[in-house]
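First the structure, in the form of structure tokens, and then the observations on it.
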Amino acid sequence: MSAATNQAHAGEEGTRRDFIYIAAGAAAAVGAAATIWPFIDQMNPAADTLALSTTEVDLSAVVVGQQIKVMWQGKPVFVRHRTAAEIAAAQRDDYANLKDPQHDAERLLQENGQPGKAEWLILQASCTHLGCVPTFVTGSSYGGWFCPCHGSDYDTSGRIRRGPAPRNLDVAPYVFVTDTSIRIG
Amino acid sequence: MSGPSTYEPKTAFTRWLDKRLPIIRFGYDSFVAYPTPRNLNYWWTFGAILALCLVVQIVSGVVLAMHYVPHVDYAFASVQRIERDVPYGWLIQNMHAVGASMFFLAVYLHMFKGLYYGSYKAPREVLWILGCIIYLLMVATAFLGYSLPWGQMSFWAATVITNLIGALPLVGEGLKNWLMGGFSVDQPTLNRFFSLHYLLPFVIAGVVALHIWALHESGQNNPTGVDVKSKADTVPFTPHATIKDLFAVALFLILFSVFIFYMPDALGHADNFIPANPLQTPPEIVPEWYLLPFYAILRAFDFNIGPIDSKLAGVLAMFASIGILFLLPWLDTSRVRSMRYRPVARQFFLIFVVVCLVLGWCGGQNPANILARSGDFTASLRWVEGGQTTTQDFTAPSEQQFEATAASMRETMAGRGATMTMVSRAGATNATITAVIGGTEQTRNLSAYSVEALEEEIIAAKAEIGAGAPFFVIERNTPMTFTVTNLSQLATLYYFLFFLVILPILGLRETPGRVPDTIAKPVLAKEVA
Amino acid sequence: MLRAFSSAAVAWLALVGVAFAAGEAEHPEDHAFSFDSPLGSYDMAAVQRGFQVYQQVCAACHAMTHLSYRHLGERGGPFSLYMVRNHETGEMEPYIGKPHHGGSFVSPTENPYLRAIASGVTISDIDPSTGQPVDRPGRVSDRFRSPFPNEIAARASNGGAYPVDLSVITKARHYGADYIYALLTGYTGASEGVLYENRYFPGGMIAMAQPLNEGQIAYSDPNTPQTVEQYAADVTHFLQWAADPHMEERKRLGIMVIAFLLALTGLLFLAYKQVWRGESH
């Protein structure tokens with residue numbers, strides 16, 4: 001065998017060897033990556049947790065000026081039956097100087113895009129600053145909620161008016177199932 | 001062993017790091033350049049397999065602990081929730097449960113390998129002892145973990161084992177209460193078992209690090225048992241040993257997967273799917289398969305040994321069966337490491353492996369099961385047909401004289417022409433003697449394969465003869481039997497004889513085969529052949 | 001060493017063989033179920049019928065506390081709902097069970113079949129406004145209704161015997177589904193006081209009267225026979241699903257994992273041979 005063919009032979013050998021190493025290494029890497037997935041996915045909410053992701057609320061027992069807190073996905077939600085004065089105040093301030101400008105009507109929209117009802121305001125009861133539950137304080141500066149943790153003030157539409165919170169209180173996704181009941185989530 | 005480090009940092013960063021924390025150098029010296037005997041066979045791949053097992057158990061266990069609830073009312077339900085509702089929970093739970101069995105399978109093969117090739121002999125005594133400690137910790141961890149699903153087997157295994165520890169003299173009772181945290185296995189027990197089950201694997205990981213350290217200090221043993229003498233005897237760990245280990249690991253994973261995906265419950269016990277019930281013990285209670293040999297040793301002692309009662313004897317023997325492994329480096333007196341060159345020892349080793357399997361089998365059987373008997377269980381029924389029955393009450397002067405009085409009464413009755421008599425005792429000293437005068441004596445012989453079957457036959461025969469006989473005199477004969485317990489006793493005897501007598505004596509008396517001078521020599525000879 | 005081990009293994013197998021030959025108790029016959037084999041799957045029509053049998057007969061005494069109504073509609077459940085496009089009309093149509101291909105899965109909370117099943121059940125709860133006990137229609141997220149509030153009540157209503165929970169019953173008994181089927185069809189008709197003779201129950205006498213009788217449950221499908229054997233097979237099928245709802249997913253994933261491992265093992269073997277080429281060992 002001449003030196004030249006010998007060299008060519010060795011080169012072929014090298015290619016074959018490299019191919020096997022790369023294929024085995026790649027397969028092992030793919031296997032390891034695929035194995036990791038179940039261990040990550042298990043951290044997601046389990047099926048029983050997901051099944052509790054909707055809550056139905058009967059509104060008939062909530063009188064004008066009353067607010068109830070219901071649990072949805074383990075967090076409180078405000079269901080407020082607003083007075084005419086509160087509605088008027090909310091609509092009046094639609095054009096005030098707002099940190100997070102939003103019209104009251106937008107804050108009443110149902111999840112399916114239908115307009116809501118002015119007397120029913122459904123809000124996630126979690127301050128957009130650091131997650132404390134604000135308190136509704138009648139006669140406060142903006143007539144709405146006040147967060148005891150760091151002093152954020154919200155108006156009767158749940159919009160941020162003063163304090164460190166960056167955004168308005170989030171509207172919970174809800175729809176009217178009947179005239180007197182809603183489903184949250 | 002490893003000699004001076006050959007690591008040379010190539011980049012500025014690795015040079016900088018090497019001066020401050022030579023971690024790359026450590027990894028390189030231990031797992032890349034580390035010289036490995038070139039003749040290692042597949043039995044040497046179990047180290048890597050076991051490392052993988054430990055990682056699988058820790059990772060899947062940490063994940064399961066995110067969902068498991070250590071409370072007597074919720075533990076069973078939380079495991080069900082993991083299997084049903086948690087994303088991939090069924091997979092991770094199967095992995096962890098099957099993983100325990102796979103871990104033990106691998107560790108037993110690893111230990112038998114060490115035993116066969118003399119890997120415990122100088123200078124590897126500490127390496128071997130660290131391995132024994134790891135094994136003990138594994139048993140403890142597996143036991144604690146098995147109680148967590150809080151099924152029937154979980155609960156009763158916990159009860160039996162804590163009571164077993166309670167049998168130890170002096171410290172037993174205290175240790176038992178300390179484990180249970182109460183008067184029985186209950187909420188405090190479950191909670192601390194969970195805590196300890198989470199802790200021990202990390203202790204195992206620590207001892208594993210020491211085990212590997214000791215291994216790298218003394219160097220790996222090899223199938224010839226001959227020390228590494230030159231560079232010709234070794235190959236670098238990477239890629240040679242690494243690739244072989246990876247191949248073996250992949251093979252092992254196939255077996256592992258077959259169990260996880262197709263027989264996830266095959267190695268467990270159906271009763272553990274029944275929630276724990278402190279009011280009712282399951283009809284057959286057995287430990288997991290990997291502890292069956294020790295269970296058999298525990299049950300083999302159905303007799304007292306002098307002042308030691310059978311319960312304590314069993315417990316001590318069970319602990320001794322593991323404890324004796326710690327002494328093995330000094331019990332084996334042979335100068336030759338590998339049994340490859342010890343033909344006689346090899347035969348005894350083979351028997352030892354069979355004995356361990358037999359013990360495992362016995363542990364899963366009903367100890368009273370009869371394996372062999374010299375003949376049938378027989379009984380002869382005697383009764384009198386016809387004749388006149390008379391009865392007479394009598395009182396013996398004292399309890400000690402009862403038998404003598406009864407005998408004289410029988411004689412009296414015989415003198416009056418009794419064909420058959422029966423004494424039924426009513427108290428310590430008084431009794432009634434019934435005798436049949438005249439008539440003809442009848443006999444019927446019965447035989448059966450077990451005590452229960454014999455009793456059934458006796459009842460059937462009595463019913464058949466019926467009112468024809470006033471009473472029966474029954475003589476039962478029990479054949480010589482060989483039960484599962486007897487087999488366990490034999491196997492237990494061999495288990496201890498192997499370590500305490502066979503290995504010490506054999507090492508001094510046997511003539512070993514010719515051991516090669518170097519590792520490379522037989523390897524090269526094989527090449528030529 | 002390998003030789004030593006293989007002879008040991010042979011001895012062990014011989015021993016195990018003897019043990020099985022010597023087994024005494026009568027054990028259930030092997031009933032052919034579609035889920036038996038390593039590649040077997042559930043017959044969803046049988047699971048659906050089995051659920052009907054459970055609801056109408058077994059549920060009167062036996063709880064299944066680890067199951068919720070939503071489980072019936074999870075992926076792989078008997079009432080899982082998919083919206084599938086009809087190729088002729090182009091419309092999306094509901095499909096119950098497993099569509100052969102495609103289809104978008106409908107979450108159990110949105111599944112009208114499940115909602116109907118759940119709302120047909122009365123659940124004891126606490127009224128959120130008054131705090132008083134109240135009966136309300138079931139929700140999809142509710143657990144299967146338990147027939148008795150606790151074990152004491154269950155025993156009191158059943159002559160002291162406790163009707164066991166059926167959530168994992170096929171895993172909790174030796175011979176699993178075969179045992180359940182044998183038990184349900186194993187009544188001899190004889191009874192003694194409150195005990196009924198059953199060939200497959202340990203001890204031969206069981207406190208449960210024969211639960212299934214011919215024609216007892218009306219199946220909507222006229223082609224399915226309404227016999228004790230059919231009812232027993234169907235409810236066993238349902239119980240097997242209930243104990244092991246992820247079986248199909250498990251077997252499917254198993255094929256992929258093992259196929260992958262075989263390929264990886266092959267590659268690693270080639271790499272191993274390559275590394276050790278020219279090295280004597």
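All values below were derived from every heavy atom in this structure, side-chain atoms included, with hydrogens, water molecules and symmetry-related copies excluded. Lettering of chains follows the sequences in order, A, B, ..., and the numbering in each one begins at 1.
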For this session: Could you tell me which of C/Leu253, C/Thr65, C/Leu262 has the largest number of non-hydrogen atom pairs under 4.5 Å with chain B?
Result: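 Most heavy-atom pairs within the cutoff with chain B belong to C/Leu253.
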Exercise. What residue in C/His71, C/Met247, C/Glu74, C/Arg250 has the most heavy-atom pairs under 4.5 Å with chain B?
Worked result: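 The residue among C/His71, C/Met247, C/Glu74, C/Arg250 with the greatest pair count is C/Arg250.
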For [X], is it the side chain, the backbone, both, or neither that has a heavy atom closer than 4.5 Å to a heavy atom of chain C?
| X | value |
| --- | --- |
| B/Leu246 | both |
| B/Glu83 | both |
| B/Ile351 | neither |
| B/Val249 | neither |
| B/Phe252 | neither |
| B/Asn272 | neither |

Problem set entry | Within-4.5 Å side-chain heavy-atom neighbours: C/Val164 and C/Arg173 |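 Yes - at least one pair of side-chain heavy atoms lies under 4.5 Å apart.
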Problem set entry | Test item: B/Phe247 and C/Val275 side chains (from C-beta on) under 4.5 Å apart, heavy atoms |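 They are not in side-chain contact.
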Exercise. Centroid-to-centroid, C/His66 to B/Phe76, below 6.0 Å?
Worked result: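 For C/His66 and B/Phe76, the ring centres are under 6.0 Å apart.
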Problem set entry | Side-chain donor-acceptor contact under 3.5 Å, C/Thr109 with C/Ser107 |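 A pair is found: one side chain offers a donor N or O, the other an acceptor, under 3.5 Å apart.
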Exercise. Taking the six-membered ring of B/Tyr42, is NZ or CZ of B/Lys244 closer than 6.0 Å to its centre and within 45° of its axis?
Worked result: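 Here B/Lys244 passes the 6.0 Å and 45° test against B/Tyr42.
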Exercise. Between C/Asp244 and C/Lys251, is the closest basic N to carboxylate O distance under 4.0 Å?
Worked result: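 Looking at C/Asp244 together with C/Lys251, the answer is no, because their closest N to O distance does not fall below 4.0 Å.
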